[in-house]
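The structure appears right after this line, and notes come after that.
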Amino acid sequence: MSLKYAYFPGCSQVSSAEEYGLSTEAVCESLGIELVELDDWNCCGASSAHMTDEFLSAALPGRNLAIARETGLDLLTVCAACYSRLTMSNAKIKSDDALRERIERAVGADPRFEGKVRHLLDVIVNDVGIPQIKKFVKNDLSSIKAVPYYGCLLVRPREVCFCDSAENPTELDLLISALGLEVRQWSYKTDCCGGSLSLSRNDIVQRLVNRIFERAVEAGADLIVTACPMCLANLEMRQKPGKLRFEQVFTVPVLYFTELIGLAMGLDGWEKWLGAHLIDPFPVLKKIEALS
Amino acid sequence: MPDSVTTIEKEIGKRIGEKPWLCYQCKKCTAGCPVSFAMDLMPHEIMNLLRWSASDRILASSTIWLCASCETCSVRCPNGIDIAGVMDALRSISIDKHYRPGEPLVTAFHRSFLAGIMGAGRTNEPVLIGIYKILSGRLLDDIGLGVKMILKRKIKPVPRFVKDRAAIRRIFREAKARRTK
């Protein structure tokens, strides 16, 4: 099976979540997934576009869909928000002809994307497949207990997202377990981190984030695994917002699923990815013999 | 459409194709809302006030700006109303009708975010944070975090730009033209 995709990195993956972008590229290369970066891609508009302007929320992803249309490939992304916005816009453009025309006029190209918008977690679990992933695992990570944290945008709305449930999905659970870790059950896997309220109402985000950590600790987790750069940023940055000091209450590290795959496969570059986190993951990783 | 449908419900129907008048007040949306503790009107109260045509109370509320769009309410609604989508439409109507935002810091964030995209075509954290600090007046927030992010190289000093910025400007112009007509 040849796996080749037009790749939409998304803004976070080339800036604040660079470790997500780098680990994605490394993992795809070693799994034989070919990524062709989408030419001159733009920001999907994220929450701010869809919360305030119906047209922007469809047209900003629409320009990317128009560029992807020309490639003839499926469109792959790793950011949960980009995935959500591209998927929603794709559906809207196909169902609303007047909207499609307006977008086409503004963008200067046909936004009717004929391929599929895919998230890398979907491709790895459903196309590469769990049995195949198990064959790639080199390092024994079985001493680590992890909770999967999906957040909102990978799973809702149910009609357009790839996950098997809007409130109790299992894709990430299956992957973590295939990589050899112990998956702990908890009921916060799809709870909201507060998303775009991070800068404006960090008091709200703090409350949500602390509850997620409390429940992860209660579930006995050494590690939280996510597929969303906003979830990770809020968990790492918003435990205790302040002005001049930066403090953290919880020390449970949060990693991207691609970093975990890289660790399990023994790929080069993991020290750099893990060194970029605001919650130091190295103390937990000391439990792994192969890495010490 | 039943005769009792209110003007604002019709407006929502026109914008996003939802039928808020199907709500029978089971309150599942409020029970599952992770942000309800901070809201001035509970999500089910918004749905009820739509039925009573109380547009002013809704459009000036904090609630429409505090909804984080997690869509828990939408997947749980027994009548299939996309309540998070209704919140999107209400925010947009509130802007179009020039209501004073119930949460000025939240709208300052959205304006900053979109201004950054309009200028560069991409989101660059230092630009976003800079514009937000100016618009919100919260200059001293998160200094400690900012230092830590720079040390961890999470904030990149050089912003990234889309080459075809004319296309981005056309998208924003079309959006603005739609709003003002």
Side-chain angles (χ1 to χ4, degrees), chain A residues 11-12 14-18 40-43 45-57 59-60 62-63 102-103 105-108 151-152 156-158 166-167 190-204 207-208 237 241-247 275-278, chain B residues 15-16 34-35 37-38 66 68-72 74-75 82 87-89 91-92 95 103 105-111 113-114 116-117 120-125 129 132 136 140-145 147-149 152-156 160 162-164 167-168 170-175 178-179:
Chain A
C11 303
S12 295
V14 293
S15 57
S16 59
E18 197 175 39
D40 203 34
W41 55 271
N42 61 269
C43 177
S47 300
S48 294
H50 85 77
M51 286 185 172
T52 60
D53 194 300
E54 297 99 347
F55 181 75
L56 283 182
S57 77
L60 287 170
R63 178 172 174 273
R102 276 201 301 274
I103 294 176
R105 214 177 324 124
V107 168
C152 307
R156 291 183 286 268
R158 176 71 197 91
E167 305 215 45
T190 64
D191 269 52
C192 181
C193 71
S196 67
L197 295 170
S198 188
L199 275 177
S200 49
R201 284 296 303 264
N202 55 37
D203 57 321
I204 294 177
R207 183 156 158 179
L208 300 180
M237 300 189 320
K243 288 192 191 295
L244 297 175
R245 284 165 62 99
F246 174 67
E247 293 170 86
H277 287 273
L278 295 180
Chain B
R15 286 184 187 235
I16 58 164
V35 197
F37 68 88
L66 294 184
S69 278
C70 74
E71 302 191 30
T72 305
S74 302
V75 299
D82 177 10
M87 294 292 179
D88 276 350
R91 285 183 271 251
S92 186
I95 295 172
E103 288 287 328
L105 292 178
V106 176
T107 49
F109 171 79
H110 293 316
R111 291 216 316 274
F113 197 93
L114 293 175
I117 302 175
R122 296 265 185 96
T123 292
N124 293 288
E125 282 93 353
I129 294 165
Y132 174 72
S136 65
L140 293 176
D141 279 12
D142 294 326
I143 301 286
L145 171 63
V147 172
K148 183 100 186 179
M149 286 182 77
K152 286 275 179 187
R153 300 204 183 88
K154 284 200 169 294
I155 291 185
K156 307 285 175 211
R160 291 171 188 254
V162 163
K163 279 182 245 134
D164 186 7
I168 304 294
R170 285 198 304 273
I171 291 172
F172 275 87
R173 260 205 305 274
E174 174 72 17
R178 264 168 39 81
R179 298 212 91 114

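Hydrogens, waters and symmetry mates are skipped; everything else that's a heavy atom, side chains included, is used. Numbered from 1 within each chain, the chains take letters A, B, ... in sequence-line order.
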Looking only at A:D203, A:I103, A:T190, A:V107, the option with the highest number of non-hydrogen pairs under 4.5 Å against chain B is A:V107
Under 4.5 Å to a heavy atom of chain A? For B:K163 that would be both
Bottom line for A:A166: the part with an atom under 4.5 Å from chain B's heavy atoms is side chain
The interface call for B:S74 against chain A, heavy-atom contacts under 4.5 Å, is neither
Here the gap from B:L105 atom CG to A:L199 atom CG, rounded to the nearest 0.5 Å, amounts to 10.0 Å
So CZ of B:R178 and CD of A:E54: to nearest 0.5 Å the spacing works out to 6.0 Å
Check your understanding: Do A:R63 and B:V162 come close enough that some side-chain heavy atom pair is under 4.5 Å?
Key -> yes
Q.
Between A:P157 and B:E71, is there a side-chain heavy-atom distance shorter than 4.5 Å?
A. yes
Considering only heavy atoms from C-beta outward, does the side chain of A:M51 approach that of B:V106 to under 4.5 Å?
no
Per-residue tally against chain A (heavy atom, under 4.5 Å) across B:M87, B:R122, B:R153 peaks at B:R122
Okay, B:E125 and chain A: the region with an atom under 4.5 Å from a heavy atom over there is side chain
Taking every heavy atom of B:F109 against every heavy atom of A:S48, the minimum-distance pair comes out as CE2-OG, 3.6 Å
Turns out that what part of A:E247 lies under 4.5 Å from chain B's heavy atoms comes down to neither
Turns out that what part of A:L208 lies under 4.5 Å from chain B's heavy atoms comes down to side chain
Whatever's closer than 4.5 Å to a heavy atom in chain A on B:S69 counts as both
Note: vs chain A, highest number of non-hydrogen pairs under 4.5 angstrom among B:A68, B:A175, B:P34 is B:A175
With chain B, the option among A:N202, A:D53, A:L60 that has the most non-hydrogen atom pairs under 4.5 Å is A:D53
Of A:R245, A:R105, A:H277, A:H50, the largest count of non-hydrogen pairs under 4.5 angstrom with chain B goes to A:H50
Worksheet item: Hey, is the main chain of B:C70 close enough, under 3.5 Å, to the side chain of A:R156 for a donor-acceptor pair?
Response: yes
_Can you confirm whether A:I204 sits close enough to B:F37 that some side-chain heavy atom of one is under 4.5 Å from a side-chain heavy atom of the other?_
yes
So, the part of A:R207 with a heavy atom under 4.5 Å from chain B: the answer is side chain
Bottom line for B:I168: the part with an atom under 4.5 Å from chain A's heavy atoms is side chain
Comparing B:I155, B:L114, B:D141 against chain A, the one with the most heavy-atom pairs below 4.5 Å turns out to be B:L114
Answer key: most heavy-atom pairs under 4.5 Å with chain A among B:D164, B:N124, B:I129 is B:D164
Quick one: does B:F113's side chain get under 4.5 Å of A:S47's, heavy atoms only?
no
Heavy-atom nearest pair, B:L66 first then A:R201, reads CD2-NH1, 3.9 Å
Comparing A:P241, A:S57, A:A276 against chain B, the one with the most heavy-atom pairs below 4.5 Å turns out to be A:A276
Q. Passes side chain to side chain donor-acceptor pair (under 3.5 Å), A:S200 versus B:E103? Steps please.
A. CA-CA 9 Å; A:S200 49; B:E103 288 287 328; over 6 Å; no
Okay, B:L145 and chain A: the region with an atom under 4.5 Å from a heavy atom over there is both
If one checks every heavy atom of A:D191 against chain B at 4.5 Å, the contacting part turns out to be neither
Note to self: Can you tell whether the side chains of B:D142 and A:K243 come within less than 4.0 Å, N to carboxylate O?
What the structure shows: no
(request) Before giving the answer on side chain to side chain contact (heavy atoms under 4.5 Å, CB included), spell out for A:N42 and B:I117 the whole-Å C-alpha distance, their side-chain angles and the decisive distance to 0.1 Å. (result) CA-CA 8 Å; A:N42 61 269; B:I117 302 175; 5.7 Å; no
Do the side chains of A:S15 and B:R160 get nearer than 4.5 Å, heavy atoms only?
no
Highest number of heavy-atom pairs under 4.5 Å with chain A among B:M149, B:R173, B:R15 belongs to B:R15
- If we only count heavy atoms from C-beta on, is the A:M237 to B:K148 side-chain gap below 4.5 Å? no
Rounded to the nearest 0.5 Å, the OG atom of A:S16 sits from the NZ atom of B:K152 at a distance of 14.0 Å
If you tally heavy-atom pairs under 4.5 Å between each of B:V35, B:I95, B:I16, B:T72 and chain A, the highest tally belongs to B:T72
